[in-house]
Amino acid sequence: MPGAISLRFERVDRRFDDGLVAIEGLDLTIDAGSFTVLLGPSGCGKSTLLRLAAGLDEPQSGRVVLAEDGVDRSPKGGPTGFVFQEAQLLPWRTLEANVALPLELAGDTTAAELHARVDEALRRVGLAGAATRMPHELSGGMKMRASLARALVRAPRLFLLDEPFGALDELTRLRLDDELRALAKDLRITVLFVTHSIQEAAYLADRVIVFSPRPARIVGDYASPFADVRHADQRFSEPFAAFVGTLHDALVRGGA
Amino acid sequence: MNRAMHHIGPPLVALALLLGTWELLVRALAVPAFLLPPPSAIAQATADNASMLANGLVQTGFTAVIGFLLSALIGNLTAWLLGTFRILERAFYPYTLFLQTVPIVTVAPLLVLWFGSGTKAVAVAAFIVSVFPVITGTLSGMRAVDPNLRDLFRLYGAGRLAVLAKLEIPAALPQTVTGLRVASGLAVIGTIVGEFVAGFADGKPGLGIIVLTAYRQLKTDLLFAAVLGSSVLGLGLFASVQLLGHHLLRRWHPSARN
Ligand SMILES: Nc1ncnc2c1ncn2[C@@H]1O[C@H](COP(=O)(O)OP(=O)(O)OP(=O)(O)O)[C@@H](O)[C@H]1O
Ligand SMILES: [Mg+2]
């Protein structure tokens with residue numbers, strides 16, 4: 001298995017054509033194999049930051065670098081999986097055909113290997129029995145799982161998730177949080193996870209980075225009080241409540 | 001059985017009432033048959049000229065289908081090209097409007113010059129009249145593709161051709177079907193009008209020719225029969241496209257699900 005990937009933002013500026021500054025002078029390093037949550041008020045520039053990390057946009061100045069086994073590379077075409085806020089499945093494809101899409105587009109797998117990897121990805125997210133269903137036949141939670149499977153199928157080393165579970169009910173969301181974290185740790189994937197839920201950030205993260213309103217400045221950078229393994233009981237513990245309080249204060253101090 | 005009656009019962013009764021009133025009024029007021037023949041006369045004319053009308057239906061139907069298929073093929077190819085290369089769209093889209101606005105009767109003589117009188121010229125007339133909705137339908141469908149899905153394809157390194165084949169064409173399919181539906185009706189209209197100008201040839205009179213001849217001979221009952229035939233043709237083509245669209249979209253699009 002290749003090593004996990006780390007990610008660096010070096011004095012990154014991102015402005016839009018209309019002159020709006022979303023990110024200014026950002027310096028940030030994300031460690032290989034870590035689960036990092038980005039927490040910030042709506043419109044501060046979190047999605048913008050993820051798009052830079054995915055190589056979907058370019059910064060106006062500074063640079064964004066992926067480092068794999070000590071070798072720097074550009075984010076464009078990197079071993080990256082992206083999960084959007086909505087599942088973004090192609091409605092005319094079955095689940096398995098949706099999950100197969102990244103492999104199809106890369107065009108470097110045989111039909112047999114493609115099948116095996118799609119099956120494996122569906123199994124990982126608990127959708128093995130639904131492979132031939134159409135997206136409109138699925139619940140919101142199942143669609144999101146399918147979206148995860150699609151992002152996983154090419155064995156990404158970097159996983160970018162933009163408020164992926166924001167539209168789901170509380171219980172589904174908690175379950176998916178647990179599964180996602182276990183999966184990322186198991187596969188040793190570096191994760192950048194955007195949310196504006198303080199609770200979700202406090203539970204999921206190895207590290208939480210708190211942003212100010214736009215242009216996004218880092219106003220807090222905290223390590224989780226918990227060791228690697230998560231279990232649901234931690235949500236009701238004293239350290240968890242304290243951590244939530246800390247994150248909340250950081251958001252407020254940042255001007256949210 | 002009961003359910004079928006529930007659906008077709010009321011329109012059948014309405015039709016019978018309409019035809020009955022028509023028949024009675026025409027007779028009571030002694031309207032001259034060349035102005036408005038009674039339904040019974042139209043039925044009689046249909047029976048008397050059954051084979052000519054049937055041949056006309058086949059001839060016009062054949063031409064209309066050719067024109068429609070040309071529209072479907074060339075219209076979609078054009079939309080894919082314009083949708084793929086922005087520069088082509090900016091350069092050529094304004095001129096496709098010409099197809100929408102040009103009165104076909106003014107172009108038909110040109111078509112006769114180029115293709116000679118007959119099926120070929122008429123099919124091209126049908127094509128010109130019906131291609132525009134196919135182009136705009138497919139093109140607007142391609143334009144409406146969710147930007148997030150475009151990003152997804154970009155992220156996975158998809159080339160322009162893959163985006164076209166795996167994203168834009170399937171995503172645009174509902175609008176393509178809508179365009180084809182409109183085109184099917186227009187193709188029949190284009191064929192009849194084309195026949196008025198360019199249909200006198202190869203000894204196979206289409207419905208348009210039958211309409212013209214009946215009109216000149218003041219055989220208004222036959223004229224009615226031919227008009228009826230062309231609307232049956234239009235409906236048939238429309239229904240076929242509808243069926244095909246339903247089949248293509250059934251598995252995923254809300255418009256075809258129920
Ligand atoms: N393509 C664009 N052109 C112009 N402005 C943009 C564009 N994309 C985003 N913005 C602006 O940049 C700012 C940051 O947007 P971004 O989507 O990164 O915020 P966010 O932190 O993800 O917010 P949310 O939590 O609501 O998703 C916002 O003010 C937004 O309006
Ligand atoms: Mg966002």
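In what follows, chains are A, B, ... by sequence order, proteins preceding strands, each numbered from 1.
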- [ ] Select one option (side chain, backbone, both, neither) describing which atoms of Glu86(A) are under 4.5 Å from chain B's heavy atoms.
- [x] neither
Open item on the list: I'd like to verify something: which residue of Met134(A), Glu104(A), Arg154(A), Glu137(A) has the highest number of heavy-atom pairs under 4.5 Å with chain B?
Closed with: Met134(A)
TODO: Taking all non-hydrogen atoms of both residues into account, name the closest pair between Pro91(A) and Trp252(B) and its distance.
DONE: O-CB, 2.9 Å
Task: NZ on Lys76(A) to CZ on Arg154(B), rounded to 0.5 Å - done: 7.0 Å
Task: Under 4.5 Å from any heavy atom of chain B - which part of Leu56(A) - done: both
Task: Side chain / backbone / both / neither for Phe82(A) at chain B, heavy atoms under 4.5 Å - done: both
- [ ] Check whether Leu101(A) gets within reach of chain B through its side chain, its backbone, both or neither, counting any heavy atom under 4.5 Å.
- [x] side chain
Open item on the list: Would you compute the distance between atom NZ of Lys166(B) and atom CZ of Arg93(A) and round it to the nearest 0.5 angstrom?
Closed with: 5.5 Å
TODO: Could you tell me the separation between the CZ atom of Arg251(B) and the OG1 atom of Thr94(A), rounded to the nearest 0.5 Å?
DONE: 7.0 Å
Task: Interface residues of residues 142-153 of chain B facing chain A - non-hydrogen atoms under 4.5 Å apart - done: Asp146(B), Asn148(B), Leu149(B), Asp151(B), Leu152(B), Phe153(B)
Task: Leu161(B) atom CG: more than 12 heavy-atom contacts under 6.0 Å - done: no
Open item on the list: Does Phe238(B) have more than 12 heavy atoms from other residues, nucleotides or ligands lying within 6.0 Å of its CZ?
Closed with: yes
Task: Other residues, nucleotides, ligands: >12 heavy atoms within 6.0 Å of Asp17(A) CG - done: no
Task: Interface moiety of Arg51(A) toward chain B, non-hydrogen atoms closer than 4.5 Å - done: side chain
- [ ] Sort Leu167(B) into side chain, backbone, both or neither according to what part of it lies under 4.5 angstrom from a heavy atom of chain A.
- [x] both
- [ ] Identify the heavy atoms of Gly81(A) and Tyr156(B) that sit nearest to each other, and give their distance.
- [x] CA-OH, 4.4 Å
Open item on the list: Counting neighbours of CZ on Phe92(B) that are heavy atoms of other residues, nucleotides or ligands and sit closer than 6.0 Å, is the number greater than 12?
Closed with: no
Task: Taking every non-hydrogen atom, the tightest pair across Ala162(B) and Leu105(A) - done: CB-CD2, 3.8 Å
